[in-house]
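Written below as structure tokens is the structure these notes are about.
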Amino acid sequence: MSYTAEHFAETSAKSAKKEKSQKPKKKRHIYSIVLLGIFTALMFLSTRVWDFTWEQLELYESGHIKHAEEKLSEKFRLNQIDAILDEKCIEYDRFNRREDYMTYMLEVFGNDYTSAKMIKGRTLEDGSVLYDVWLGNTKFAEYSLFKSGDNWDYKSADLNGELFVKSHSVKVVVPEGAEVRANGELLGDEFISRETYSVHDFDDLDDESLIPRFTVYDTGNIFISEPEVSVQNKNGRELVLTEDKKTLRALPEPTEEQLAEIKAAAEESALAYAMYITQDTSFEPLKKYLVEDSELYRRIKGFYHDWYRDHTTTYDNVVFSDIVMYDEEHFTLHIEFDYHVNIGYRVNDYEVEYTMSLVKLDGVWKIAGMIM
């Protein structure tokens, strides 16, 4: 028991000593807080003083033309192409969008404007000063630096007509009723030309309503860069564009089924005509392949063909080329095949070539014209 008492007595003494030793630490903690508060206040005050000083400095500089010069040249020095383009205040339209001007600018002037030279010009009567910006040998921009109240500012002159030249057009021949779009925008009737376009392969037809009809669109130079052109026929089918002497022609691409159908019809009718020539058929069976109201019909009807004694005929090596689809009812094509007339032990071989124009009447393909 005496051991326990001594132990507790000793512990109480140690605790008292520990509490006494911790009191100075609490004072140092309070002192640190005070110092931190003073430091924060000084930092805040110095920041406000610096901000005020900087505002006054900017205000002072803005009242001098050098400040406006630096502000003007900075966008070229930093190659800020977007800002340079936007500053030109271009009036975009539905055919010439901002991205078209950007593409044009990069193609013509490149993508590096850091070498631009700003040259000070004359001072005008109102006190404004002219500055020219040159990219190599091209005057790219013109600015007027002027006093606005106590400050200097600048504005760009309009050189857009000289720099951004609208030199591109669209001239496209399309099937009647087709829709033409340039840069995604529909071309209206105001762009329909008085120029006519005819497919002369169907000139032999008496009935003009059977001839495929086309519309010519000509926009003139309203595009800053080469436009994207697309054409759809009246059924909404996308047409294929081909170019000939800067004129586009839009025609449908035949499907595999349509190709098979027109080839079969052309081969059958071409063979019938060859057999008519060799007196293996009469005109009566042949005329079902012909458009009756046509010059071809009248010409073939009175045609005097060769006479052969008893013989047989065969043909092979059929080749098609230059197949053109104008619409679902009009095709032209070139067909070649070897035609053999067998007379006894002798065979007469003929290389047959026809350029045919075919029109679909009442669901049947007929020959509208033919060049032999």
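We use all heavy atoms of the structure for the numbers below, so side chains are in, but hydrogens, waters and symmetry mates are not.
- A salt bridge does not link Asp293 with Arg298: none of the charged nitrogens is closer than 4.0 Å to a carboxylate oxygen.
- Taking CG from Leu286 and OG from Ser269, the interatomic distance works out to 9.0 Å, rounded to the nearest 0.5 Å.
- Nearest heavy atom pair, residue Gly369 against residue Asp204, reads CA-OD2, 4.3 Å.
- The pair Lys171-Glu195 meets the salt-bridge criterion, with a side-chain N (NZ, NE, NH1 or NH2) lying under 4.0 Å from an Asp/Glu carboxylate O.
- Using a cutoff of 4.0 Å between basic side-chain nitrogens and carboxylate oxygens, Glu74 and Lys71 are not scored as salt-bridged.
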task = May I have the step-by-step check of side chain to side chain contact (heavy atoms under 4.5 Å, CB included) for Asp338 and Asp349, ending in yes or no?
result = CA-CA 7 Å; Asp338 295 331; Asp349 298 320; over 6 Å; no
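- Among all heavy-atom pairs drawn from Tyr92 and Arg97, the shortest one is CD2-C, 3.9 Å.
- In the displayed structure, Glu208 atom CD is contacted under 6.0 Å by at most 12 heavy atoms of other residues, nucleotides or ligands.
- The structure places CG of Asn342 at 7.5 Å from OG1 of Thr313, a figure rounded to the nearest 0.5 Å.
- Environment of CD in Glu256: sparse, with no more than 12 heavy atoms of neighbouring residues, nucleotides or ligands closer than 6.0 Å.
- Residues Asn348 and Ile343 are in side-chain contact: their nearest non-hydrogen atoms beyond the backbone lie under 4.5 Å apart.
- Panel note: side chain Arg94, backbone Leu186; a donor-acceptor pair is recorded below 3.5 Å.
- Of the possible polar contacts, one joining the Tyr104 side chain to the Leu163 backbone as a donor-acceptor pair under 3.5 Å is found.
- With hydrogens and angles ignored, the 3.5 Å screen pairs no side-chain donor or acceptor of Asp153 with any backbone N or O of Lys147.
- The structure places CD of Glu185 at 12.5 Å from CD of Glu228, a figure rounded to the nearest 0.5 Å.
- Follow the hydrophobic side-chain contacts under 4.5 Å out from Ile262 and you never reach Val199; the two are in separate clusters.
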task = Take Glu69 and Tyr131 through the side-chain hydrogen bond (donor to acceptor under 3.5 Å, both in side chains) test and state the conclusion after the steps.
result = CA-CA 9 Å; Glu69 288 181 9; Tyr131 285 80; 2.2 Å; yes
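- The ring pair (Phe, Tyr, Trp, His ring centres under 6.0 Å) test with Tyr315 is passed by exactly one of Tyr350, Tyr339, Phe337: Phe337.
- The aromatic ring centres of His334 and Phe320 sit 6.0 Å or more apart.
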query = Can you check side-chain hydrogen bond (donor to acceptor under 3.5 Å, both in side chains) on Tyr113 and Gln80, steps first, answer last?
reply = CA-CA 8 Å; Tyr113 296 80; Gln80 297 172 344; over 6 Å; no
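- Think of Leu241 as one node in a network of Ile, Leu, Val, Met, Phe, Trp and Tyr side chains linked at under 4.5 Å; its network also takes in Phe95, Val170, Val172, Val174, Val180, Leu187, Phe191, Ile192, Tyr217, Ile222, Phe223, Val229, Val231, Leu239, Leu248.
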task = Show your working on side chain to side chain contact (heavy atoms under 4.5 Å, CB included) between Glu336 and Val352 and close with a plain yes or no.
result = CA-CA 6 Å; Glu336 302 177 29; Val352 179; over 6 Å; no
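- A distance of 6.0 Å or more separates the ring centres of Tyr326 and Phe331.
- Side chains of Glu268 and Tyr289: a donor-acceptor N/O pair is present below 3.5 angstrom, by distance only.
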inquiry  = Pair Thr215, Val173 - check side chain to side chain contact (heavy atoms under 4.5 Å, CB included), show working.
reply    = CA-CA 6 Å; Thr215 304; Val173 179; over 6 Å; no
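- Leu130 and Ser144 get closest at one heavy-atom pair: CD2-CB, 4.1 Å.
- The minimum heavy-atom distance linking Asp206 with Glu295 is given by the pair OD1-N, 4.5 Å.
- Annotation for Gly220 and Ser169: closest pair O-CB, 2.9 Å, computed over non-hydrogen atoms.
- At a threshold of 4.5 Å between side-chain heavy atoms, the hydrophobic network of Ile, Leu, Val, Met, Phe, Trp and Tyr places Val318 and Met370 in one connected group.
- Glu328 and Arg237 are joined by a salt bridge, as a carboxylate oxygen and a charged side-chain nitrogen come within less than 4.0 angstrom of each other.
- His330 approaches Pro212 most closely through the heavy-atom pair CD2-CD, 3.3 Å.
- Using a 4.5 Å heavy-atom cutoff, the side chains of Pro175 and Arg213 are not in contact.
- With hydrophobic clusters built from ILVMFWY side chains whose heavy atoms lie under 4.5 angstrom apart, Leu296 shares a cluster with Leu271.
- Using a 4.5 Å heavy-atom threshold, the side chains of Met105 and Ile81 count as touching.
- Separating the CE atom in Met102 from the CD atom in Glu107 is a distance of 12.5 Å, to the nearest 0.5 Å.
- Side-chain rings of Phe164 and Tyr101 approach one another, their centers coming within less than 6.0 Å.
- Residues Val319 and Ile335 have side chains not in contact (no heavy-atom distance under 4.5 Å, counting atoms from C-beta outward).
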Anything under 3.5 Å between a donor and an acceptor, one on a side chain of residues 114-126, the other on a protein residue two or more places apart or in another chain? List them.
| unit_1 | atom_1 | unit_2 | atom_2 | d |
| --- | --- | --- | --- | --- |
| Thr114 | OG1 | Asp112 | OD1 | 2.6 |
| Asp126 | OD1 | Ser128 | N | 3.0 |
| Asp126 | OD1 | Ser128 | OG | 2.6 |

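- Salt-bridge annotation for Lys139 and Glu142: present, with a side-chain N of the basic residue lying under 4.0 Å from a carboxylate O of the acidic one.
- Contact annotation: the side chain of His200 approaches that of Ser198 to within less than 4.5 Å [non-hydrogen atoms, C-beta and beyond].
- Taking the side chain as every heavy atom from C-beta outward, Tyr354 and Ile371 never approach each other to under 4.5 Å.
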Identify each donor-acceptor pair in which a side-chain atom of residues 357-367 lies under 3.5 Å from a protein atom, sequence neighbours left out, and give them as a table.
| unit_1 | atom_1 | unit_2 | atom_2 | d |
| --- | --- | --- | --- | --- |
| Ser357 | OG | Asp201 | O | 3.0 |
| Lys360 | NZ | Glu261 | OE2 | 2.8 |
| Trp365 | NE1 | Glu261 | OE2 | 2.9 |
| Lys366 | NZ | Lys288 | O | 2.7 |

key: Pair Thr332-Phe202, side chain to side chain contact (heavy atoms under 4.5 Å, CB included): steps then yes or no   = CA-CA 9 Å; Thr332 59; Phe202 296 89; 3.9 Å; yes
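- Between the side chains of Tyr197 and Arg249, at least one donor N or O sits under 3.5 Å from an acceptor N or O.
- Glu162 places no side-chain N or O within 3.5 Å of a backbone atom of Leu159 that could act as its donor or acceptor partner.
- With hydrogens and angles left out, the side-chain atoms of Asn151 and His67 include no donor and acceptor closer than 3.5 Å.
- Residues Met372 and Glu353 have side chains not in contact (no heavy-atom distance under 4.5 Å, counting atoms from C-beta outward).
- Follow the hydrophobic side-chain contacts under 4.5 Å out from Leu78 and you never reach Leu85; the two are in separate clusters.
- Distance check, rounded to the nearest 0.5 Å: CG of Asp218 to OG1 of Thr247 gives 8.0 Å.
- The pair Lys75-Asp82 fails the salt-bridge criterion, with no side-chain N (NZ, NE, NH1 or NH2) lying under 4.0 Å from an Asp/Glu carboxylate O.
- Note that the CZ atom of Arg77 and the CG atom of Leu72 stand 10.5 Å from one another [nearest 0.5 Å].
- Residues Ile224 and Val165 fail the side-chain proximity criterion, which asks for heavy atoms closer than 4.5 Å.
- A perpendicular orientation is assigned to the rings of Phe140 and Phe76, their planes being inclined by more than 60° (bins at 30° and 60°).
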